[in-house]
Amino acid sequence: MPNHLSPSEGLDSVSLNRRSFLRTGLGGALFLGTVSVTAGLSGCATAPADRLGAVETRMDARYQFQFLTTGDIELFEALLPAILGSALPEQPNAKRMTVAGTIERIDAGIHKFGPANQKELRQLFDLLNFGLTRVTIARVWPSWRNVTTEQADAFLERWRSSSIGLFNNGYMALTKISNVAFYGYQENWDLSGYPGPPEWAVQVLPQFRNV
Amino acid sequence: MSFTDRIAQGLESGWKVTDGATLTENQTVEADVVIVGTGAGGGTTAEILSKSGLSVILVEEGRLYYQKDFKMDELTSYANLYQEGMSRTTKDGSIAILQGRCVGGSTTVNWTSSFRTPDATLNYWSKRFGLDALSPDAMAPWFDGREARHSMSPWEVDPNLNNDILRQGCEKLGYSWQIIPRNVKGCWNLGYCGVGCPTNAKQGALMTTIPGALDHNARLFHGLRAERLVMNQDRIDSLKASAMASDGITPSGITVTLKARHFVVAASAIGSPGLLLRSELPDPYGRVGKRSFIHPVNASVAQMPKLVDPFYGAPQSVYSDEFNFSNGVDGDVGYKLEVPPLHPAMSAGVVPGHGDTQAKNLARLPWMQSVIALLRDGFHEDSPGGTVSLRDDGSPVLDYPITDYLWKGIRNAFYTMAEIQFAAGADRVRLMHLDSDWYSSWADAKAAIDGLSMEPHRVRLFTAHQMGGCGMGSNPEESVVNGFGEHHHVSNLSVHDASVFPTSIGANPQLSVYALAARNSTRLAQRLQK
Ligand SMILES: Cc1cc2nc3c(=O)[nH]c(=O)nc-3n(C[C@H](O)[C@H](O)[C@H](O)COP(=O)(O)OP(=O)(O)OC[C@H]3O[C@@H](n4cnc5c(N)ncnc54)[C@H](O)[C@@H]3O)c2cc1C
Ligand code: SF4
């Protein structure tokens, strides 16, 4: 069951996380200016998105998000086409479904990361979702909902080639979580030419026999 | 559906196994010995102590998974069987840490390579840490015994192509190579050791020492995390542990207090120093968590002209020690060369990239081959290892700075791996580095490696071998336990896992853990029976 923070707790932890991320993670003169500003501002809800509204019925309505917020989901909706590139189906509806399913598996995976790494990811996602830091640190001007695949790709390239290790780390975190959740999923195995577990073994092993 | 495997039968026959998630009230339990962790060290200890007639309780943070759960699926296995759902890294995020978290510990997910501790390593320990009693001769019977217990012997089936390419490359270049001994019985050569062996062929703790202990009346709690050892004067009085809900990671709020005459910590490197730090046990010289080693691993991938199918077949069967001790035991860093299995999620996590290029690279997985180099850290003053500390929530984290000494070895290993892959006929080779392209000749690759910047994050680094942090030695000023794993300052505490190694091993560590735990448990059983 997702934990709903009361509005005031929510705000406190958002600004606190953001502050501590900036302090421990990014530090440096470049970002100090944003700290005081972001700390005072209130923003996006960080409670898990537990279920998407009717508009987003493309998501499996039975899936309960445990970690990702609506803001995070928009972030991945913007990033996944750039991360997965030509591995995504071309047909728009199929593409939307695949992106949606991948985001669910990203959420399920992060749930198992446990509290410490969740906290780090929360700081990263908040920083990317929060308007001011999105613009100043990620240098993405539109909100993620309006980001084109080219803009998302340019952002990923910036973080990949940056000489600041922390951005490289952010790049790896975003792409690795996405790539693993995508290519590891049975329905996408063919995209890496992986035929799955040997059929002869599946035929005879007891764990694959239906109860 | 009935399962006839060792675990299902044991559970049926009334083994004392408790899933922490089913507990509804706080409770206190008691035994002669409480053991924390059920991996290589904990399992061995539990079997030997319980066979000697002592009552034993095993405490495991992860859950009990066995044949019925092992369906050769990466995503479920990484989420359930690995520490932090496979997201564990060093503190700055630059080194991915693969480590098990389930009954059987890392042996449930390891790749079955079974090496004795190299003589050079044991001799170095004797000279440098006063561990004379661990000489190769003295340890030989313990290696013999564990090789028999875990059915370890050189792999007799032909290596898969992924491994054979390492052999071919070495052969062409005149580098030594050898066949790897594996701990398997009736192995189907499937290649899924890393996600839980689906056939029970792997003779890790889950198929050997854990059933052995449970057959001898040991009691196992899984889904129960050891939080804190509580001292009363100069002895440990109890262990406080907290139960996890059925998701395996959320504390349910139920606590269990475990009382015993003696406590054995076998939560492995990172885990064991973490528990000692949380417990604030005496540590007058500040040694706990220091000198943590990881065999830092860098990797190179190749596109081969022939189908490799690197996801099938025994994951590791060929290795080369050509560069492991070639600069002497304590000279420039040495490295062991091996091969990793490449399934889709693993490959997608190892090969960095995004977009159409990434899609194209991964689409070539069946033709992909990879070599890894495992650096022998801890044998030189410029390789002092990393440090385990506690995060705000009490969980342990490893800070592991890569020194210039290690970067030099990492660059050398890149040269060696690319050269081997081209010698074995690779069409193209790519180093696992954010700036590496595909290179189509050894000359191009060599020139590129000359210019690669050796920096955290840009070089993709991994570890599947965590060691140290509760190092053993004769001098309490620079170690945590003595050569028997006995804590220098707390008389009823021992450490029996990979965290006691005072350097890295210089070979895959499971047999080193099994053998030392067997030796030290045999001694402990005698001590406790008096
Ligand atoms: C993917 C992979 C492949 C590997 N391949 C090989 C190989 O081919 N050959 C080889 O020799 N070695 C290999 N290894 C390494 C080898 O398995 C380990 O070195 C060995 O298992 C270490 O033994 P251990 O007893 O120290 O720890 P582990 O076997 O890891 O056991 C420690 C246990 O303690 C538990 N624990 C931790 N903290 C707590 C707590 N607070 N409370 C309760 N329980 C806790 C953990 O959940 C874990 O189950 C591999 C490892 C991995 C991850
Ligand atoms: S290769 Fe052998 S030991 Fe490994 S998973 Fe397959 S059957 Fe088990």
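The chains referred to below are lettered A, B, ... by the order of the sequence lines, with proteins before strands, and numbering in each begins at 1.
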If you count heavy atoms of other groups shown closer than 6.0 angstrom to [atom1] of [X], is the number above 12?
X        : atom1 : result
A:Gln186 : CD    : no
A:Gln91  : CD    : yes
A:Glu199 : CD    : yes

Please rank [options] by heavy-atom pairs under 4.5 Å with chain B and give me the top one.
options                              : answer
A:Gly193, A:Ala173, A:Gly114         : A:Gly193
A:Arg105, A:Met172, A:Lys176         : A:Met172
A:Ala201, A:Pro197, A:Gly85, A:Ala87 : A:Pro197
A:Tyr183, A:Trp189, A:Phe182         : A:Tyr183

Any chance you could lay out the ring-ring contact (aromatic ring centres under 6.0 Å, His included) test for A:Tyr171 and B:His354, step after step, and finish with the verdict?
CA-CA 10 Å; A:Tyr171 169 79; B:His354 72 273; 5.4 Å; yes
In terms of heavy-atom proximity below 4.5 Å to chain A, should [X] be classed as side chain, backbone, both, or neither?
X        : result
B:Asp356 : both
B:Asp92  : backbone
B:Tyr312 : side chain
B:Thr199 : both
B:Arg88  : backbone

Checking [X] side chain against [Y] main chain: does a donor-acceptor pair fall under 3.5 Å?
X        : Y        : answer
B:Glu74  : A:Gly184 : no
A:Asn117 : B:Ser87  : yes
A:Gln207 : B:Pro198 : yes
A:Lys112 : B:Asp247 : yes
B:Arg364 : A:Ser192 : no

To the nearest 0.5 Å, what is the distance between CG (B:Leu190) and CG (A:Leu205)?
7.0 Å
What distance do A:His111 atom NE2 and B:Ile249 atom CD1 have between them, rounded to the nearest 0.5 Å?
4.0 Å
Counting heavy-atom pairs closer than 4.5 Å to chain A, which one of B:Glu84, B:Met86, B:Arg391, B:Met72 comes out on top?
B:Glu84
Determine the interplanar angle of the A:Tyr194 and B:Tyr192 rings, folded into 0 to 90°, and report it as parallel if under 30°, tilted if 30 to 60°, perpendicular if over 60°.
tilted
Test side chain to side chain contact (heavy atoms under 4.5 Å, CB included) applied to B:Gln358 and A:Thr175, A:Ile83, A:Asn179, the passing residue
A:Asn179
Could you tell me whether A:Lys119 and B:Asp392 make a salt bridge, using a distance below 4.0 angstrom between a side-chain N and a carboxylate O?
yes
